[in-house]
Amino acid sequence: MSVAIMGAGLSGLACAITLEKQGIKPTIFEKRSRVGDRFINGEVTFSLLNRPIKDEIKFLKDKFDISLMPTAMMQNLVMHTKNEVGSLNGDMGYMNVRGRHENSYENQLREQVKSEIVFNSRFEYEQLCKEFEYVVLATGDGGYSTKLGNYRCDFTVAIKGSTVTGNFIKNKAEVWFNYDIIPKGYAWLIPFSEKEANLVIAYPEYPKNIKLDINEMWEKFYNLACNDLNQNLIITDSFEISKYMIGICDKVVLDNTYFVGNCFGAISPGVGFGQITSILSGIYSAYDICKIGKYEELSKPLFNNYSRSLTLRRFFESLNDENLDVFARSLDAKFLDGLIDKVISNKSNIDFLEILTPTMKIWNKLKS
Ligand SMILES: Cc1cc2nc3c(=O)[nH]c(=O)nc-3n(C[C@H](O)[C@H](O)[C@H](O)COP(=O)(O)OP(=O)(O)OC[C@H]3O[C@@H](n4cnc5c(N)ncnc54)[C@H](O)[C@@H]3O)c2cc1C
């Protein structure tokens, strides 16, 4: 059986590892000169958003024999709004590093792959489609899916970020929801060591936001972050992305072509997380190719998660800075604090997003 995987990122490599476990050696085509050859950034996974999975790292190891070593367990998430600060505490997810870093998730997955990787690949999908029995599209964006008429783009995002040096606690992340500075968007700080972190702003490119100057916004936010963290963060590297597509495919398989990772629609519109869905979609596509399971069936919970997360995004967008202040304050409110921390913990079974979606839908309808 001949399988081409286009893209040696999270979803492509997870697909390759799973195929190999079933005795199939795919050929992986990667356009860059090595795995993870892009800017280094810190990312997180948040267990609450992956229910019914509780602990995603344990789940990947126990169920699929895929090993990932995060940089830390995320145990403290501080939320800054315009006038308030609130925090979540407990074992709520993991922090990890991506890109060129030797310990990045893609480099860790690459270590588990034995198949050939064709680097600096200039092969087009159409060519691979003719030459291989199966093609797995894992290029990390909705480009090909759109070209094949198989993708609904809900919105695009502008992102600007930097690696900063300073003093950080490895298991503590920070997030800012301040619509005055970042309209309908957010910002975050994710450390990947005690000395280095990733500071990023991201906002939807709605018509209202097009005239915004991302550099001006960054400058304002950078000053705010230095002030809130009470340190002078030193920028050592920067990146900027525009038109980052948030959307989902219509069909997970079209003829001999499988859509995985961001080509599938892995990024949750609510908070922009896509790592676990990318890895799972890669695994599920391999199951389908090996006839162990049907990708269409296996991916149903991933579609549900996307749709709930889109409702969450619309909910966030319907709030204003005052509402966000109330939200942040409530995180540490006397009776709610312990309860919220319990719900977000990776020991909890509660699918918060599923439970809240109907209420958020009504709220969103009333607001619109
Ligand atoms: C700034 C930023 C921060 C993020 N933060 C988080 C976070 O905190 N938590 C989270 O869960 N998710 C986060 N995400 C989303 C997450 O990174 C993605 O959902 C995930 O990496 C997608 O995996 P993938 O396999 O689809 O693509 P990738 O892992 O990006 O891999 C795609 C690969 O395909 C290669 N490629 C592209 N085109 C071609 C081609 N034509 N031929 C061959 N190879 C090709 C690329 O070079 C790359 O190696 C973030 C994304 C960004 C941009």
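As the structure lists them, so they are numbered: ligands from 1, and atoms in each ligand from 1. As the structure is a computational prediction, the values presented were derived from the model and not from experiment. Heavy atoms only: backbone and side chains are in, while hydrogens, waters and symmetry mates are out.
No N or O atom of W188 sits closer than 3.5 Å to an N or O atom of ligand 1. Not one N or O of Y244 is nearer than 3.5 Å to an N or O of ligand 1, by distance alone. Of the N or O atoms in T45, none lie within a sub-3.5 Å distance of an N or O in ligand 1. At under 3.5 Å, not a single nitrogen or oxygen of Y144, backbone or side chain, sits near a nitrogen or oxygen of ligand 1. At least one N/O-N/O distance between L10 and ligand 1 falls below 3.5 Å. Note: an N/O pair closer than 3.5 Å links V44 and ligand 1 by distance alone. Between Q275 and ligand 1, at least one N/O pair is under 3.5 Å apart.
In this structure, E240 pairs ionically with K160, as a charged nitrogen and a carboxylate oxygen lie closer than 4.0 Å. In summary, K147 and E126 engage in a salt bridge, as defined by a charged side-chain N under 4.0 Å from a carboxylate O. By the 4.0 Å N-to-carboxylate-O rule, E354 lies close enough to R308 to be salt-bridged with it. With respect to the salt-bridge test (charged N to carboxylate O, under 4.0 angstrom), the residues K220 and E216 do not qualify.
The heavy atom nearest to atom 18 (C) of ligand 1, out of those in V271, D37, N262, V260, is found in N262. Across R34, R98, K31, heavy-atom proximity to atom 45 (C) of ligand 1 is greatest for K31. Taking each of S11, S33, G261 in turn, the one with a heavy atom nearest to atom 25 (O) of ligand 1 proves to be S11. The option with the heavy atom closest to atom 10 (C) of ligand 1, from among A4, G274, G9, is G274.
Connection of I340 to L312 is established within a shared hydrophobic cluster, with ILVMFWY side chains joined at heavy-atom distances below 4.5 Å, either directly or through further cluster members.
Shown in contact with R32 at under 4.0 Å from a heavy atom are these atoms of ligand 1, numbered in order with element: 46 (C), 47 (O). Remark: ligand 1 atoms within the under-4.0 Å shell around heavy atoms of G272 are 6 (C), 12 (N), 13 (C), 14 (N), 15 (C). Close approach of ligand 1 to N41 is summarised as follows: ligand atoms under 4.0 Å from at least one heavy atom of the residue are 1 (C), 2 (C), 3 (C). Close approach of ligand 1 to F29 (heavy-atom distance below 4.0 Å) involves ligand atoms 43 (C), 44 (N).
The shortest heavy-atom contact between M245 and G143 is SD-N, 4.1 Å.
Ligand 1 lies out of reach of V200, whose nearest heavy atom is not under 4.0 Å from it. Ligand 1 has at least one atom lying under 4.0 Å from a heavy atom of A138. Under a 4.0 angstrom heavy-atom cut-off, E106 registers as lying outside contact with ligand 1.
Of all protein heavy atoms, the one lying nearest to atom 13 (C) of ligand 1 is E43 OE1, 3.1 Å. Ranking the protein heavy atoms by distance from atom 46 (C) of ligand 1 puts E30 OE2, 3.5 Å first. Scanning the protein for heavy atoms near atom 34 (O) of ligand 1, the closest one is G7 CA, 3.3 Å. Looking only at heavy atoms of the protein, atom 23 (O) of ligand 1 is closest to S278 OG, 3.2 Å. Taking atom 37 (C) of ligand 1 as the reference point, the nearest protein heavy-atom neighbour is T139 O, 3.2 Å.
T81 has its side chain out of reach of N178: every pair of non-hydrogen atoms, C-beta onward, lies at least 4.5 Å apart.
Between W188 and Y186, the two ring planes are tilted [angle within 30° to 60°].
Between the side chain of T163 and the main chain of T236, no donor-acceptor pair closer than 3.5 Å is present.
F273 meets the ring pair (Phe, Tyr, Trp, His ring centres under 6.0 Å) test with no other residue; sequence neighbours excluded.
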